[in-house]
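A short worksheet on the structure shown next.
Ligands are counted one by one from 1 in listed order, and the atoms in each one are counted from 1 as well.
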Amino acid sequence: MSWTTPLAQRVVNLKPSPTLAVDAKAKALKAQGADIINLSAGEPDFDTPDHIKEAAIKAIKDGFTKYTPVAGILELRQAIIDKLKRDYNVGYEPDQIVVSTGGKQGLYNCLQAIVDPGTEVIIPVPYWVSYPAMVELAGGRPVLLSSRPEKDFDIDLDELSSLINDKTRALIINSPSNPTGAVYSADTLKALAQMAVEKGFYIISDDIYDEIRFDGKSPENPVSVFPEAKEHIIVANGVSKTYAMTGWRIGYLAGPQPVIKAATKIQSQSTSNPNSIAQKAALAALAGPQECVKEMVKAFKERRDYIVERLNNIKGIKCNMPQGAFYVFPDVSSFFNKSADGFEIKGSLDLADYLLEKAKVACVPGIAFGDDRFIRFSYATDKAQINEGLNRLEEALERLS
Ligand code: PMP
Ligand code: GLU
């Protein structure tokens, strides 16, 4: 009898994260000695600030190396509550917070907690790569809301309204956005929050880039602009991006107590508590001095100004001005149906391949975010690399005809 290793259907249909895949490929090529400029990774190039590392070292030396409560240590949950009060002027109790192994696990647990098979989750396009996959893993159906680059990727409220029905369980938003860097206005956020109350669905507000915004305003989300909707809003956040802590794996959810309790229950049966040492480091990050954040945001803003200006000077590229995060998402569709060096560019995947092979520049094709007209560059890398990457990009695009 022949035997083929059986795998669950849910994993057969699952694609690996394309952002992590491109980043891994770029890093592997670099390790083999290839001269790659990696503009793919959504990962700050800065080192984790010293006072945060010190807190982790102290935790190890103090023997803080055992299981903690599943939802995270109380001090850290309190520091998260203080941050949410400081930034959004909204109060939470410790049982409305769960700390997880990265923002990603928080989002995953949240969807597992609220999505039933047959229910729908609305996701504006372009979306962060993992949202549709996470909805599907929970048995739900992602419903895509089309994008409006000419309106700076704002949500069309009428179109959103037309997608809502009695199967709608949630809407996922991400402002500032990965991949566009767009930030929703307070008016949009308020309209979304009002709609959630009126129509009875959750908003998952992925605020992971909340501190990385360039308009000088303090962070805003649907709860801060419309606190009456608090029972409908689940805030997902983490320390990865703001404090250059991607490898430490600490994220969190804040939201209605039943949802948080459910997400904690899932966590108790899957990963248990997030790493005890990283929790102490995250506590130092959130409760400690915030100058490091201001410095990183200042550097990101300078790089943004530079990269956007250079991209818009390349014939055929159209690039919006991001208001936050550390990505640019230019429209490169004018290069489609052109070719060079044996490469035929039919869409963003071909263009990203061509750039990696021929220009040694790694970027993520827009199709991974649901819109094939674009490609994503991360500017969470130093100015010299960005400069060299853009020189190579310009030269490679000029060769296409
Ligand atoms: N949301 C968005 C939009 C992201 O870009 C990321 C980055 N990976 C995450 C969530 C999760 O971040 P992490 O798991 O590294 O905390
Ligand atoms: N969020 C980052 C990115 O979009 C890291 C990769 C990932 O977690 O998918 O590049």
Side-chain angles (χ1 to χ4, degrees), residues 14-27 38-45 48 72 76 80 98-111 123-135 137 153 171-184 203-213 219 221 234-254 267 271 274-275 278-279 281-282 285-286 300 322 324-329 352 362-371 374-381:
L14 182 69
K15 292 192 201 77
S17 161
T19 41
L20 292 180
V22 178
D23 186 44
K25 186 169 174 189
K27 283 179 178 156
N38 188 0
L39 302 180
S40 72
E43 168 162 78
D45 54 319
T48 304
L76 177 55
I80 292 164
V98 56
V99 184
S100 300
T101 301
K104 211 175 218 174
Q105 197 210 357
L107 285 162
Y108 182 85
N109 289 347
C110 171
L111 287 161
I123 303 174
V125 181
Y127 47 73
W128 179 47
V129 295
S130 294
Y131 300 148
M134 286 184 187
V135 170
L137 281 169
F153 301 99
L171 161 74
I172 307 181
I173 59 167
N174 176 219
S175 171
S177 149
N178 175 4
T180 67
V183 172
Y184 293 139
I203 297 178
I204 301 172
S205 182
D206 181 351
D207 295 354
I208 196 103
Y209 298 100
D210 63 344
E211 307 274 355
I212 307 173
R213 49 188 290 170
N221 75 1
I234 304 152
V235 174
N237 204 333
V239 295
S240 298
K241 314 289 173 171
T242 307
Y243 300 98
M245 291 178 71
T246 45
W248 298 77
R249 312 308 303 133
I250 295 291
Y252 56 87
L253 298 174
Q267 188 156 292
T271 55
N275 178 293
Q279 287 190 62
L286 288 167
F300 287 138
F326 36 64
Y327 309 101
V328 276
F329 200 56
C363 61
V364 187
I367 190 85
F369 306 94
D371 199 326
F374 298 84
I375 48 175
R376 188 192 81 176
F377 297 105
S378 158
Y379 51 88
T381 190

For atom 10 (O) of ligand 2, closest protein heavy-atom neighbour: R376 NH2, 2.8 Å
Neighbouring protein residues of ligand 1 - any heavy atom closer than 4.0 Å: G102, G103, K104, L107, W128, Y131, N174, N178, D206, I208, Y209, S240, K241, R249
Centroid-centroid under 6.0 Å between F329 and F374 rings: yes
Ligand-side contact atoms (ligand 2) for residue partner K104, heavy atom cut-off under 4.0 Å: 7 (C), 8 (O), 9 (O)
Distance flag, aromatic centroids of Y108 and Y131, threshold under 6.0 Å: no
Ligand-residue contact atoms, ligand 2 with S17, heavy atoms, under 4.0 Å: 9 (O)
Mode of E43 contact toward ligand 2 - side chain, backbone, both, neither (heavy atoms, under 4.0 Å): neither
Region of N178 engaging ligand 2 - heavy atom pairs below 4.0 Å: side chain
Ligand-side contact atoms (ligand 2) for residue partner Y327, heavy atom cut-off under 4.0 Å: 2 (C), 3 (C), 4 (O)
Least distance between heavy atoms, V328 atom then P322 atom: CG1-CG, 3.8 Å
Part of F369 within contact of ligand 2 (heavy atoms, under 4.0 Å): neither
Sub-3.5 Å N/O-N/O distance, G42 and ligand 2: yes
Check: F326 ring centre within less than 6.0 Å of Y379 ring centre: no
Taking atom 2 (C) of ligand 2 as the reference point, the nearest protein heavy atom with its distance: K241 NZ, 3.4 Å
T246, T19, I208: member with heavy atom nearest to atom 9 (O) of ligand 2: T19
P365 versus A352, closest heavy-atom pair with distance: CD-CB, 3.9 Å
Closest contact, heavy atoms only, A41 versus D23: CB-OD1, 3.2 Å
P179 vs V364 side-chain heavy atoms within contact, under 4.5 Å: no
